[in-house]
Amino acid sequence: MAKLEILRYPNPRLHTVAKPVAQVDARIRALIDDMLETMYDANGIGLAATQVDVHERVVVIDVSEERNEPLVLINPEIVWASPSRVKGEEGCLSVPGIYDGVERAESVRVRAQDREGAAREIAAEGLLAVCIQHEMDHLMGKVFVEYLSPLKRTRIKTKLLKAERELAR
Ligand code: GNR
Ligand code: NI
């Protein structure tokens, strides 16, 4: 296993659209293991392959308190989203230190393959539903700050670029 580097906003590679995984093989399972290690190490509740600069439809999630319930979603598709929407505070490992409200479907049904390549359907609500939608946005090249106002987004960009420059010095 290996810890991977997480791309930070406004890195343009975060806007790459991921391709479907054709075959769930040893290469994909190694990627999943590395992504889980990276997510747990960073104390995140989810991680999309896009964030580690791999542009394939792979997501790992763990919203459990004990951090021992990994969920792997390969080629996830939302097959149903509730018309009811809820606004919740979101953060992102690619946008460190920034938290803001985003409106999402309250519950979703997702079809995806697991780490064996078997098809599954998952019903999600609460934090899991939020996280699934946040991760699937990453696979489409979308970062949560794109739901915020242009003014907020500009401020976030400036703040993160400044932090990056100070780290490089
Ligand atoms: O760790 C994370 N926490 C979180 C909190 C509220 C809504 C979404 C998230 S996902 C985030 C990890 C991450 O950046 N995944 O892409
Ligand atoms: Ni994120």
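Counting from 1, the numbers follow the sequence of the chain as shown. All ligand and atom numbering here is 1-based and tracks the order in the structure.
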The Ni ion (ligand 2) to H138: nearest N/O/S atom name: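 Nearest N/O/S atom of H138: NE2.
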What I want to find out is whether [X] reaches [Y] closely enough, with some N-O distance under 4.0 Å, to be called a salt bridge.
X: E103; Y: R85; value: yes
X: R27; Y: E56; value: yes
X: R115; Y: D33; value: yes
X: R67; Y: D62; value: no

Find all protein N or O atoms under 3.5 angstrom from an N or O atom of ligand 1 and list the pairs with distances, or write 'none'.
unit_1, atom_1, unit_2, atom_2, d
ligand 1, 1 (O), I45, N, 3.0
ligand 1, 14 (O), Q51, NE2, 3.3
ligand 1, 14 (O), L93, N, 2.8
ligand 1, 15 (N), G46, O, 3.1
ligand 1, 15 (N), E135, OE1, 3.2
ligand 1, 15 (N), E135, OE2, 2.7
ligand 1, 16 (O), Q51, OE1, 2.8
ligand 1, 16 (O), Q51, NE2, 3.3
ligand 1, 16 (O), H134, NE2, 3.2
ligand 1, 16 (O), E135, OE1, 2.7
ligand 1, 16 (O), E135, OE2, 3.1
ligand 1, 16 (O), H138, NE2, 2.9

Any donor-acceptor pair under 3.5 Å from R111 side chain to I78 backbone: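 Pair absent, no side-chain N/O of R111 close to backbone of I78.
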ILVMFWY clustering at 4.5 Å (side-chain atoms), partners of I28: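 Noted: I28 shares its cluster with L4, I6, V21, V24, L31, I32, M35, L36, M39, Y40, L47, V52, V54, V58, V60, V72, I74, L93.
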